[in-house]
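For reference, the structure discussed in these notes is given below.
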Number of protein chains: 2
Amino acid sequence: MDQLLQNIKIEINEKIFVKNPESSDLGKRIIESSIDLINEIGFEQFNFKKLGTHIGSNESSVYRYFENKHKLLLYLTSWYWAWMEYKLVIGTIQMTDPSKKLDEAIRTLTKVINADSNFSHIDEVKLQNIVIAEYSKSYLTKEVDSENKQGYFSIYKRLVERLTNLIKEVDPSYKFPASLSSCILEGALHQHFIKQHFKALTDCDDQLTPTDFFLNLVSSTLSYSNGKD
Amino acid sequence: MDQLLQNIKIEINEKIFVKNPESSDLGKRIIESSIDLINEIGFEQFNFKKLGTHIGSNESSVYRYFENKHKLLLYLTSWYWAWMEYKLVIGTIQMTDPSKKLDEAIRTLTKVINADSNFSHIDEVKLQNIVIAEYSKSYLTKEVDSENKQGYFSIYKRLVERLTNLIKEVDPSYKFPASLSSCILEGALHQHFIKQHFKALTDCDDQLTPTDFFLNLVSSTLSYSNGKD
DNA sequence: ACCAAATAATAGTAATACTATTAATATTGT
DNA sequence: ACAATATTAATAGTATTACTATTATTTGGT
């Protein structure tokens, strides 16, 4: 897959950035370093001055790429979800059995990224940790409706929709395909977070994973018309 | 229940506040007004200067009650979860059938608060909206582990645990009681949020509610040894 | 070598998140 | 009633943040 990914390009809504960070070396360093820094000190402590220092450049140079740190977070998380969507699509494209497709999709969307999945300048392991710890902050704002209208969350929404459709294919009679889909995506992030910080609130650890939990949940909730279960 | 609630007192971890807001009129006005203000302008835009103006008092007076706005959010959300726990306990105490108890618990924990549930100086409808929109921000921080150690999240954890135990009672063989419990509590907030802001990501609306979704999810996931289903 | 674009450096502003000090007001004990 | 004490309000000030504006310097293309 690494080779494949070398050649694809992840497209992010142009309104999210002032200047496309993919278009220059400095831009790429901004992305690379912001992932490092946010992962290390958290989104609240993170700012463009610290980022400037971190990349041996200047605060004002960062502002030529992103209006503010909120937009940068939207960029990073959009990139993550676009990458997830890509993995989901290529991982299930040749499958015909709906239940196997759904199974594979859930695995892709809920598992921990392993260190060697790296390509280009983006460290996906760190990026996933950022998404786990910070994604909610990108939409839990007073501006959510206007930003949603501008399409800032469209990649994530498309991904939820894809999973919803896979659920519908398996069980067209199920009443809550969209709710289940959003619950899996958001719930997986939450389970990953609490398995790190509130161990008593989950049964998941490195053996029994969030993937196991959601596979079990889905297989017992849906009526599989053909194939497995 | 309103009468009952008049007489109970919700106890919050003393480390969360500098001076107990329940101990004075100004303190109560701080709580009352902060709920109004955060609900209105959101947690990011909210600060103690605006709160001071709102209660016809001074910024520095607010600091005598809470170190910072993060602590105030911890106070408000702790109060909410304590109140939820209370409702859950008194709503299920006289029940004997585990599956009916669980059913009632899920209803209590996932439904929308209605306007007339008000008592004292706290507007529970607004407070629930705050919890839906802001609760995640109280623990998605770099300080989460140390604050957890200090017991700042103990009420919420106890509530998840209570629900976990109800799940275990219904189906002792189920492998993920804690994950399901945390998933319901956190997922309900999420479904309420997306039904307001990302309608395409959920099947829930005012007819088909998050409560319906989670009741269905739980009843199909657990094996009910006795009673319903 | 020269021009344009990109980047870096510097400075400055308004707002935020506080702290410290003092003044005014309420509450309590005798 | 009145002094002592606690509480609250007002004022001022600081460090940091989240930017904007201006100018200087570097870099790459022709």
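Numbered from 1 within each chain, the chains take letters A, B, ... in sequence-line order.
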Output the rounded distance in Å from CG (B:L37) to P (C:dT16). 13 Å
Take the protein atom CD1 of A:I30 and the nucleotide atom P of C:dA6, then report the distance between them rounded to whole Å. 13 Å
Taken to the nearest whole Å, NZ/A:K50 to P/D:dA15 is 17 Å
Does a side chain donor of either B:Y65 or B:S24 reach within less than 3.5 Å of an acceptor in the other side chain? yes
Establish, from distance only, whether the side-chain atoms of B:T202 and A:S179 form a donor-acceptor pair under 3.5 Å. yes
From D:dT7, C:dA8, D:dA9, nucleotide with atom closest to B:Y65 side chain: D:dT7
For the pair B:I155 and B:M84, evaluate side chain to side chain contact (heavy atoms under 4.5 Å, CB included) and give the outcome as yes or no after the intermediate values. CA-CA 10 Å; B:I155 297 174; B:M84 280 285 152; over 6 Å; no
Identify, between B:G27 and A:F46, the residue whose nearest nucleotide on DNA chain D lies closer to the 5' end. B:G27
A:N68 CG to C:dT16 P: how many Å, rounded? 15 Å
How close or far is atom P of D:dA9 from atom CG of B:N58, stated in whole angstroms? 7 Å
What's the closest nucleotide to the A:S24 side chain, out of D:dA18, C:dC18, C:dT7? C:dT7
In whole Å, what is the span from the CD atom of B:E67 to the P atom of C:dC18? 9 Å
Before accepting this row, confirm whether a basic side-chain N of the pair A:K142/B:E44 lies closer than 4.0 Å to the acidic partner's carboxylate O. no
Please tell me which of the listed nucleotides, D:dA9, C:dT7, C:dA8, lies nearest to the side chain of B:S57? D:dA9
Round to a whole Å and report the spacing from CG of A:L51 to P of D:dT17. 14 Å
Which part of the nucleic acid, if any, lies within contact of A:S61, taking any heavy atom under 4.0 Å across all strands shown: a base, the sugar-phosphate backbone alone, or nothing? base
Does the side chain of A:K69 get closer than 4.0 angstrom to OP1 or OP2 of D:dT17 through an N or O atom? no
Nearest-0.5 Å distance, CZ of residue B:F198 to CZ of residue B:F193: 6.0 Å
Looking across every strand, which nucleic acid part, if any, lies under 4.0 Å from A:Y63 by heavy atom: base, sugar-phosphate, or nothing? base
Given DNA chain C, 5'-ward residue of the pair B:K49 and B:S60, judged by closest heavy atom: B:K49
Categorize B:E59 for me: base, sugar-phosphate, or nothing, with a 4.0 angstrom heavy-atom threshold over every strand shown. base
What is the distance, rounded to the nearest whole Å, between atom CD of B:Q45 and atom P of D:dT17? 18 Å
